[in-house]
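Structure first, then comments.
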Amino acid sequence: MAKHLNNKVDAMEYDKLIAGMTPPVKVISGTIAKLSAAAQYPRGTVLARSSADGKLYILGSEAGAGDTLTPDCILCDAEEIGTGEDVTAAVYAAGCFNIEALTVNDGYTITQADKDKLRERGLYLAQLWD
C-alpha cells in the first residue's frame with residue numbers, strides 16, 4: 001500500500017500567465033456572450049464587459065450602437081464559445097498577469113487606457129523577463 005502513496009498523479013507546466021503574488025489572485029464567474037461563429041478562447045483571454053447587457057466579450061470586439069465595452073477580467077481556463085447559448089466561466093478579477101501571455105481579438109493591441117481600466121479592477125499587467 002505504501003507504494004501507491006508515491007505515485008506521480010499529474011504534472012503542471014508553467015504557462016507564465018500569472019506574473020506575481022501581489023495582489024492575490026481572485027476568481028469569480030462571468031457570462032461570456034455567445035458568438036455568431038464558434039471559437040475557442042484560450043486561458044489568459046482578456047474580456048471586456050458590455051454596458052448594455054453586462055456580458056463579457058473578447059477585448060477588441062466591436063461594441064454595438066449605444067454600447068461600451070470596458071476591459072474587465074481575464075479568462076482562467078480555455079473555453080469553447082458556441083453559437084447557441086452564453087457560457088458561464090471562471091475569470092480572474094484580481095491578480096498580477098504577464099502581458100505577453102494575454103490574448104485579445106485578432107488585430108487588436110492592448111492600450112494604456114485598457115491597462116488603466118484593468119488596474120482599476122485589481123488586474124495588474126507586468127512583463128516577465130526571461
Side-chain angles (χ1 to χ4, degrees):
M1 181 165 148
K3 178 169 77 172
H4 295 290
L5 296 175
N6 294 323
N7 288 346
K8 184 176 180 178
V9 175
D10 202 356
M12 183 180 91
E13 291 186 32
Y14 178 54
D15 62 4
K16 297 184 180 180
L17 177 62
I18 297 176
M21 302 281 292
T22 306
V25 171
K26 178 181 176 185
V27 177
I28 62 171
S29 66
T31 302
I32 303 172
K34 64 184 175 187
L35 301 172
S36 57
Q40 176 81 22
Y41 284 1
R43 169 177 158 80
T45 299
V46 181
L47 300 169
R49 187 168 305 278
S50 166
S51 63
D53 61 14
K55 295 178 185 175
L56 300 170
Y57 298 82
I58 189 169
L59 184 62
S61 296
E62 199 68 34
D67 192 7
T68 304
L69 296 177
T70 305
D72 188 76
C73 55
I74 297 172
L75 190 60
C76 290
D77 299 304
E79 291 286 342
E80 181 70 33
I81 312 302
T83 60
E85 56 187 52
D86 299 334
V87 175
T88 300
V91 295
Y92 294 111
C96 184
F97 298 90
N98 177 11
I99 195 165
E100 300 293 325
L102 299 178
T103 301
V104 295
N105 210 3
D106 289 338
Y108 187 80
T109 302
I110 296 175
T111 66
Q112 186 60 47
D114 296 333
K115 294 177 189 177
D116 292 342
K117 285 295 182 188
L118 290 168
R119 189 172 34 255
E120 287 174 11
R121 287 162 170 68
L123 296 158
Y124 293 84
L125 305 184
Q127 188 156 6
L128 294 180
W129 305 101
D130 289 328

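Throughout, numbering of the chain's residues begins at 1 and tracks the sequence.
No side-chain donor-acceptor contact under 3.5 Å links Asn98 to the backbone of Ile18. Arg43 places a side-chain N or O within donor-acceptor distance of the main-chain N or O of Cys76, the cut-off being under 3.5 Å. Using modelled atom types, no side-chain atom of Thr68 and backbone atom of Ser51 make a donor-acceptor pair closer than 3.5 Å.
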In sequence, state the C-alpha distance, the side-chain angles, and the governing distance for Asp72 and Leu47, and then conclude on side-chain contact (heavy atoms from CB on, under 4.5 Å).
-> CA-CA 6 Å; Asp72 188 76; Leu47 300 169; 5.8 Å; no
For Glu79 and Thr45, what are the C-alpha separation, side-chain angles and deciding distance, and is it a side-chain contact (heavy atoms from CB on, under 4.5 Å)?
-> CA-CA 10 Å; Glu79 291 286 342; Thr45 299; over 6 Å; no
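When hydrophobic clusters are built by joining Ile, Leu, Val, Met, Phe, Trp and Tyr residues whose side-chain heavy atoms come closer than 4.5 Å, directly or via intermediates, Leu75 is grouped together with Ile28. Under a hydrophobic clustering in which Ile, Leu, Val, Met, Phe, Trp and Tyr are joined whenever their side-chain heavy atoms come within less than 4.5 Å, directly or via other members, Ile74 and Ile110 fall into the same cluster. Put simply, Tyr92 and Tyr124 are part of two different groups of oily side chains (I, L, V, M, F, W, Y) that touch within less than 4.5 Å, one to the next. Hydrophobic cluster membership differs between Leu69 and Leu59, with clusters built from Ile, Leu, Val, Met, Phe, Trp and Tyr side chains linked at under 4.5 angstrom. Both Leu102 and Leu123 are assigned to one and the same hydrophobic cluster, defined by single-linkage of ILVMFWY side chains at heavy-atom distances under 4.5 Å.
Under a cut-off of 6.0 angstrom, the local environment of CG in Asp106 is sparse, with at most 12 non-hydrogen atoms contributed by other residues, nucleotides or ligands. More than 12 heavy atoms of other residues, nucleotides or ligands lie within 6.0 Å of CD in Glu120, so this atom counts as buried by the packing criterion. Heavy-atom contacts from other residues, nucleotides or ligands closer than 6.0 Å to CD of Glu62 number 12 or fewer.
For the residue pair Ala126 and Ala19, the shortest heavy atom distance occurs at CB-CB, 4.2 Å. The minimum heavy-atom distance between Tyr57 and Ser61, with the atom names listed, is CB-OG, 4.0 Å. Between Glu80 and Val87, the shortest heavy-atom distance links the atoms O-CG2, 3.8 Å. When every heavy atom of Asp67 is checked against every heavy atom of Ala52, the shortest pair comes out as OD1-N, 3.1 Å. Across all non-hydrogen atoms, the minimal contact from Arg49 to Gly54 is NH1-O, 2.6 Å.
Residues Ile81 and Ile58 have side chains not in contact (no heavy-atom distance under 4.5 Å, counting atoms from C-beta outward). The shortest side-chain heavy-atom distance between Leu35 and Tyr41 falls under the 4.5 Å cut-off.
Atom OG1 of Thr103 and atom CD of Gln40 lie 11.0 Å apart (nearest 0.5 Å). Here the CG atom belonging to Leu125 is positioned 8.0 Å from the SG atom belonging to Cys96, to the nearest 0.5 angstrom.
Lys117 has no carboxylate O lying under 4.0 Å from a charged side-chain N of Asp114, or vice versa, which leaves the two without a salt bridge.
A donor atom on one side chain and an acceptor atom on the other are not found under 3.5 Å apart for Thr31 and Asp86.
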